[in-house]
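Single-structure report; data block below.
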There are 2 protein chains.
Amino acid sequence: MPHLLLKDLPRYECLLEAAKEFPELDPSAAEAFLHLLRTGDEAFGVIDRNFSRHGISQGRFSVLMLLWRCANPDHPLGGAGAADCPAPSTPAELAEAAGVTRATMTGLIDTLERDGFVKRLPDPDDRRMMSVRLTARGGKFLQQFLPGHFKAVGAIMRPLSESERKTLVRLLGKIQLRAAALNSAPGPAAAPAG
Amino acid sequence: MPHLLLKDLPRYECLLEAAKEFPELDPSAAEAFLHLLRTGDEAFGVIDRNFSRHGISQGRFSVLMLLWRCANPDHPLGGAGAADCPAPSTPAELAEAAGVTRATMTGLIDTLERDGFVKRLPDPDDRRMMSVRLTARGGKFLQQFLPGHFKAVGAIMRPLSESERKTLVRLLGKIQLRAAALNSAPGPAAAPAG
DNA sequence: GGCTGACGGTTAGGCTCCTAACGAAAAGCG
DNA sequence: CGCTTTTCGTTAGGAGCCTAACCGTCAGCC
């Protein structure tokens, strides 16, 4: 599992107390932040257990989904919208789409190829390039794996009503936008006010 | 950075489309789930950049905070509430509090001790045990690091109003509870309906 | 044509996490 | 007291991610 997070989060009263000493500490922001990371971790843990039960990891799953979309352009799943779908198939494109480095993608493809889920094909036009394809075995694996995966995702979100889910997505979207801006900003610790 | 996540999330319409083929796929659940992981990742990325700027990691930070609470019991920060604070100081206790294995904690303490932030002391009563203490240098580091850290956390959450933060925490709490239950359940992929 | 620069995939080495197993020390029990 | 079981910290080995550097190939430019 990913990050490392304190098992017991500080209580809100403790944050209030600590804010007296650190004026930079915004108690409600810290509380929301800790809950966000914590919940994301816990939710990921559920599907990660499901992943490892089937002998794959999040990274490998992402690659398979991207390649699956490429193999079956009819399927709307697997990444961005089908309309602007450039069907990533080279390691560099896959790395870009999955948000990892090319080096990491090499390793992922290595193990996927070793397990027979994908295969590398040399590009006839550009001898630098490779084309990665999903094998029949890889496609079969996804067909068997996905129902359980979707079921698990549904189970996690079951406590939320439809309107609550909408609200959650809206609030998360605000944070995500903000965080993306902060992440791309080159500045030091302090953040621009805008 | 931790997980690996698709850079471009599938759009809601695509999920709707895919649900026709996979009846197990709950579109709104999948959308909320993807946003949750994605946002958590992005938010973590912001503070992780701050961490690496100061030469530490999330794991090392957690250990320092836990030890800091132990060194200054007056401080309300650093972990669970101050009331039920057993002041973790042995590697096993730290591992339990931080939610990692003892083996991982050994590695974290190794590097922290190498950098002079903590030191190991043998327990006079039980020769198996060690006591880990924050050094003056470690405390000084935290005093210098925390304001910027809190500032970054505040910056991430700035787009949300106080009431929105409350709502977010409430919704996340529901998911967290559910995910924790699913994680501790021994069953296979499918989840109990309750 | 030949040189230089950019790009594609890979390799090497590091960090953090994990599981499995170890040796030393304590605790339970005859 | 001896024996087993538990607990503590550590070590060994693996997976996934990263950055930095590499080599082969393509493209621009004289």
Side-chain angles (χ1 to χ4, degrees), chain A residues 1-7 41 44-45 48-49 51-64 88-115 118-132 183, chain B residues 1-7 41 44-45 48-49 51-64 88-115 118-132 183:
Chain A
M1 320 242 170
H3 318 141
L4 177 149
L5 222 52
L6 297 177
K7 219 177 141 191
D41 238 35
F44 176 74
D48 196 47
R49 277 210 324 172
F51 280 149
S52 49
R53 247 194 300 270
H54 290 77
I56 64 167
S57 66
Q58 169 77 12
R60 299 178 61 175
F61 177 70
S62 296
V63 175
L64 290 178
S89 69
T90 73
E93 289 167 351
L94 289 169
E96 166 69 17
V100 299
T101 62
R102 298 199 310 269
T104 297
M105 189 51 64
T106 294
L108 287 172
I109 296 172
D110 278 349
T111 69
L112 283 171
E113 191 170 30
R114 181 197 59 195
D115 293 354
V118 308
K119 65 180 171 209
R120 287 177 167 97
L121 301 172
D123 186 303
D125 297 334
D126 190 333
R127 272 188 287 177
R128 292 173 303 180
M129 291 200 198
M130 308 291 289
S131 186
V132 185
N183 259 332
Chain B
M1 317 239 170
H3 320 140
L4 179 149
L5 223 50
L6 297 178
K7 219 177 143 192
D41 238 36
F44 177 74
D48 196 48
R49 277 210 326 171
F51 280 150
S52 49
R53 247 196 299 270
H54 290 79
I56 64 168
S57 67
Q58 170 77 12
R60 299 178 62 176
F61 177 69
S62 296
V63 175
L64 289 178
S89 68
T90 74
E93 288 166 351
L94 289 169
E96 166 69 16
V100 298
T101 62
R102 297 199 310 270
T104 298
M105 189 52 64
T106 294
L108 287 172
I109 296 172
D110 278 350
T111 70
L112 285 171
E113 190 169 30
R114 182 197 58 194
D115 292 353
V118 308
K119 65 181 172 209
R120 286 179 167 96
L121 299 173
D123 187 303
D125 297 334
D126 190 333
R127 272 187 288 179
R128 291 173 304 179
M129 291 201 197
M130 308 291 290
S131 186
V132 184
N183 258 331

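Atoms considered below: every heavy atom in the structure, side chains included; atoms not considered: hydrogens, waters and symmetry mates. In what follows, chains are A, B, ... by sequence order, proteins preceding strands, each numbered from 1. Keep in mind the model is a prediction, meaning the values are calculated, not measured.
Residues A/Ile56 and A/Leu112 fail the side-chain proximity criterion, which asks for heavy atoms closer than 4.5 Å.
Rounding to whole angstrom units, CZ of residue B/Arg49 and P of D/dC17 are separated by 21 Å. At whole-Å resolution of the value, CG in B/Asp41 and P in D/dC18 are 11 Å apart. A/Arg127 places its CZ atom 23 Å from the P atom of C/dA6, with the value rounded to the nearest Å. Counting to the nearest Å, the P atom of C/dC17 and the CD atom of B/Gln58 are 9 Å from each other. Going from atom CD1 of B/Ile56 over to atom C1' of C/dC15 covers 15 Å, rounded to whole Å. Distance, A/Arg60 CZ to D/dC17 P: 10 Å, rounded to whole Å. In this entry the distance linking CG of A/Asp48 with C1' of C/dC17 reads 12 Å, nearest Å. Separating the CZ atom of B/Phe61 from the C1' atom of C/dT16 is a distance of 17 Å, rounded to the nearest angstrom.
With rounding to the nearest 0.5 angstrom, the CG atom of B/Leu94 is 12.0 Å from the CE atom of B/Met130. Note that CE of A/Met129 is 9.0 Å distant from OG of A/Ser89, once rounded to the nearest 0.5 Å. Rounded to the nearest 0.5 angstrom, A/His54 NE2 and A/Arg60 CZ are separated by 13.0 Å. With rounding to the nearest 0.5 Å, the separation of OG in A/Ser131 from CG in A/Asp125 is 11.0 Å. To the nearest 0.5 Å, atoms CZ (B/Arg120) and OG1 (B/Thr90) are separated by 11.5 Å.
Nearest approach of B/Val132 to B/Pro91, heavy atoms of both residues: CG2-CD, 3.9 Å.
Scanning for side chain to side chain contact (heavy atoms under 4.5 Å, CB included) contacts around B/Arg102 gives B/Ala92, B/Ala95, with sequence neighbours left out.
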- Applying the Watson-Crick and G-U criteria (both distances under 3.5 angstrom) with [ ] for crossing and | for other-strand pairs, one obtains for DNA chain C ||||||||||||||||||||||||||||||

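Both B/Thr111 and B/Thr101 sit near DNA chain C, but only B/Thr111 has its closest nucleotide nearer the 5' end.
For A/Glu113 (side chain) and A/Ile109 (main-chain N/O), no donor-acceptor pair under 3.5 Å exists by modelled atom type.
Using a 4.0 Å heavy-atom cutoff across all strands shown, A/Asp123 reaches no nucleic acid atom at all.
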Identify each atom pair where a protein N or O and an N or O of nucleotides 7-11 of chain D are less than 3.5 Å apart, giving names and distance.
{"unit_1": "D/dT7", "atom_1": "O2", "unit_2": "B/Arg128", "atom_2": "NH1", "d": "2.6"}
{"unit_1": "D/dG9", "atom_1": "OP1", "unit_2": "B/Met130", "atom_2": "N", "d": "3.3"}
{"unit_1": "D/dG9", "atom_1": "OP2", "unit_2": "B/Ala92", "atom_2": "N", "d": "2.8"}
{"unit_1": "D/dG9", "atom_1": "N7", "unit_2": "B/Arg102", "atom_2": "NE", "d": "3.2"}
{"unit_1": "D/dG9", "atom_1": "N7", "unit_2": "B/Arg102", "atom_2": "NH2", "d": "3.3"}
{"unit_1": "D/dG9", "atom_1": "O6", "unit_2": "B/Arg102", "atom_2": "NH2", "d": "3.2"}
{"unit_1": "D/dT10", "atom_1": "OP1", "unit_2": "B/Arg120", "atom_2": "NE", "d": "2.9"}
{"unit_1": "D/dT10", "atom_1": "OP1", "unit_2": "B/Arg120", "atom_2": "NH2", "d": "3.3"}
{"unit_1": "D/dT10", "atom_1": "OP2", "unit_2": "B/Thr106", "atom_2": "OG1", "d": "3.3"}
{"unit_1": "D/dT10", "atom_1": "OP2", "unit_2": "B/Arg120", "atom_2": "NH2", "d": "3.2"}

